[in-house]
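Proteins get letters first, then strands, A, B, ... in listed order; numbering begins at 1 in each. What you see is a predicted model; the values in this text were computed from it and never measured.
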Number of protein chains: 2
Amino acid sequence: MRKEKAECEKCVNENCFIKKHIHNAEMKNYIEQKHTILCKKSQQFIIEGAPVHGLYFIYKGKAKIVKTGINGREQIVRLTKNGDAIGFRGFGTSKKYLIGAYAIEESILCNFSTETLMKMLQNIPEITFDLMLFYAEELNKSENNVRKIAHMSVRERVIDTLLYILRKFGQTDGYLNIELSRKEISDFAGTTEEQVIRVISSLKKDALIKAKGKQLGILKVEKLQKEILEHKYLFK
Amino acid sequence: MRKEKAECEKCVNENCFIKKHIHNAEMKNYIEQKHTILCKKSQQFIIEGAPVHGLYFIYKGKAKIVKTGINGREQIVRLTKNGDAIGFRGFGTSKKYLIGAYAIEESILCNFSTETLMKMLQNIPEITFDLMLFYAEELNKSENNVRKIAHMSVRERVIDTLLYILRKFGQTDGYLNIELSRKEISDFAGTTEEQVIRVISSLKKDALIKAKGKQLGILKVEKLQKEILEHKYLFK
DNA sequence: ATAAATTCCTGCGTTTTGACGGATTTTATC
DNA sequence: GATAAAATCCGTCAAAACGCAGGAATTTAT
């Protein structure tokens, strides 16, 4: 699974908060201790239930973060790309943090062990601060997600998911820069594969999106946004 | 709205992470700058959309944290009690953090302004660390909540909510130590008032809970837990 | 290039959920 | 303690969502 080390100095992910503090004198030691991991497509690199081995960063690639359990269904709680952090949800407490992570495409990951990370956080408060802000923002997103799944219809949730993917991964040549199966979209939107298929078919008919197998392209961003926003502020 | 200052030295909330660091020499200055706020029942003290004024702690009382928007419905994202932290979701970024907060019963709150908080976090890294862990745990809970609302039936969600309330607030003399309306329970469980009423009626019939108006008492914890767990690990 | 496997799609019946209306009970206020 | 207001409760109905089954299309492996 390992390969030659991905070098932070040459890394292009400016949003990574290791990269952000690379000029700190102490960082050199910690960076030397990181591991580089090569993941094949759909390979699982964090297993639910097993202790999480520190913090991962995506050097290059894409990954999905999932929770399983209820009725064997899977919930994708987050999609990640270059520079994003994955894993580590606190230590000391005996609680288990049940998340799983899969590479969506071939990806290169950087891993800092819990020990290395702990030292880093103790000695470089700025990183602790950044991590704190990161979790605060993720918490906010997650709470928005709760509301979305609780209040929106299936159609709205699928549209919202497509727009989110567009914002996060972008489009080139008219198609989204990530290939998710209908099942994966449903696992993210909190519904079933069939429903996603139906909504996508319907959106195709209305010429709001186009689809060529797994490749999806958003055609009318504004119209899709409008369909969600309409309901958002409609107080009966 | 203000009253005499709630004194940290005399505070009994050992889970509060201000209290935890009270022996730090610098803390004295920051504690002097905090404001004490008295909230009446159902009074709103954080308004959605308005900038959040730093960090609040519940000195005594209970509060609900909500998000509104979609179809005018309300989603309770968190219930809080003595010692819990509320508010503050990062600064610097121009993003708005849309949360609202209401006192569920008469409550005394401690408020640290963003400025005071910022100084505290810069000068006492241990507090930043604790806040980071706090958000990491809340994120985990929120992600579990996403899965719960996405995968559980209405009945299961209501049972899960009741068991959560039992764990968080406890029971005395056979009744839960918090009074929520059916509407509030539905806002937390992500369903409607009517559904909650039906589930509660049904649970009463089965003698799993008892109800005297708003006062609810859990009678058969194990049976209720079992009803949820059964489905959790049932892979078809 | 071909076979196998996976993914995608559609129709249809069933279940679940949510919305409305109105009666009853509880709670709040003076 | 009387009155008003709010919350609870129940029945009915329609819409939404789901699950299954069978076939088409696409992707992956050999």
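- In this structure, CZ of B:Arg73 is placed 6 Å from P of C:dA19, rounded to the nearest angstrom.
- Using a 4.0 Å cut-off between charged side-chain N and carboxylate O, B:Glu156 and B:Lys148 make no salt bridge.
- We find that B:Lys168 and B:Asp84 are joined by a salt bridge, their nearest charged nitrogen and carboxylate oxygen being less than 4.0 Å apart.
- Rounded to whole Å, atom C1' of D:dA17 lies 18 Å from atom NE2 of A:His151.
- The phosphate of D:dA7 (OP1 or OP2) has no side-chain N or O of B:Arg182 nearer than 4.0 angstrom.
- Rounded to whole Å, atom C1' of C:dT17 lies 14 Å from atom CD of B:Glu156.
- The CG atom of A:Leu203 sits 12 Å away from the P atom of C:dC9 (whole-angstrom rounding).
- The shortest side-chain heavy-atom distance between A:Asp187 and A:Val66 does not fall under the 4.5 Å cut-off.
- For the segment residues 189-200 of chain B, residues with any heavy atom less than 4.0 angstrom from an atom of DNA chain C are, sorted by number, B:Thr191, B:Thr192, B:Glu194, B:Gln195, B:Arg198.
- Here the C1' atom of nucleotide C:dT16 and the CE atom of B:Met152 are 17 Å apart, to the nearest Å.
- Of the two residues near DNA chain D, B:Lys183 and A:Arg155, the one whose nearest nucleotide lies more 5' is B:Lys183.
- Side-chain nitrogen and oxygen atoms of B:Lys204 include at least one within less than 4.0 Å of the OP1 or OP2 phosphate oxygen of D:dC9.
- Using a 4.0 Å cut-off between a side-chain N of Lys or Arg and a carboxylate O of Asp or Glu, B:Glu138 and B:Arg78 qualify as a salt bridge.
- In this structure, B:Tyr135 and B:Phe88 have tilted ring planes: the angle between them lies in the 30° to 60° band.
- Considering only residues two or more places apart in sequence or on other chains, A:Ser42 meets the side-chain hydrogen bond (donor to acceptor under 3.5 Å, both in side chains) condition with none of them.
- Stem analysis of DNA chain C (at least three stacked-register Watson-Crick or G-U pairs, each with both distances under 3.5 Å) gives C:1-30 with D:1-30.
- With a 6.0 Å radius and a threshold of 12 heavy atoms from other residues, nucleotides or ligands, A:Lys223 has its NZ atom at or below the threshold.
- Salt-bridge check for B:Arg155 with B:Asp206: passed, with a basic side-chain N closer than 4.0 Å to an acidic carboxylate O.
- In this structure, the side chains of A:Leu203 and A:Leu224 come closer than 4.5 Å at one or more pairs of heavy atoms.
- Atom pair A:Lys205:NZ and C:dC8:P shows a separation of 17 Å (rounding to whole Å applied).
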Under 3.5 Å, sequence neighbours excluded: what are the donor-acceptor pairs made by side chains of residues 58-65 of chain B?
from: B:Lys62; atom 1: NZ; to: B:Glu105; atom 2: OE1; distance (Å): 3.3
from: B:Lys62; atom 1: NZ; to: B:Glu105; atom 2: OE2; distance (Å): 3.3
from: B:Lys62; atom 1: NZ; to: B:Asn177; atom 2: O; distance (Å): 3.3
from: B:Lys64; atom 1: NZ; to: B:Glu184; atom 2: OE2; distance (Å): 2.9

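- Rounded to an integer number of Å, the gap from A:Glu184 CD to C:dT6 C1' is 13 Å.
- Qualifying side-chain hydrogen bond (donor to acceptor under 3.5 Å, both in side chains) partners for A:Glu143, counting only residues two or more places apart in sequence or in other chains: B:Arg89.
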Reading 5' to 3' through nucleotides 23-30 of chain D, protein heavy-atom contacts under 4.0 Å coded B for base, S for sugar-phosphate only, - for none: -----S--

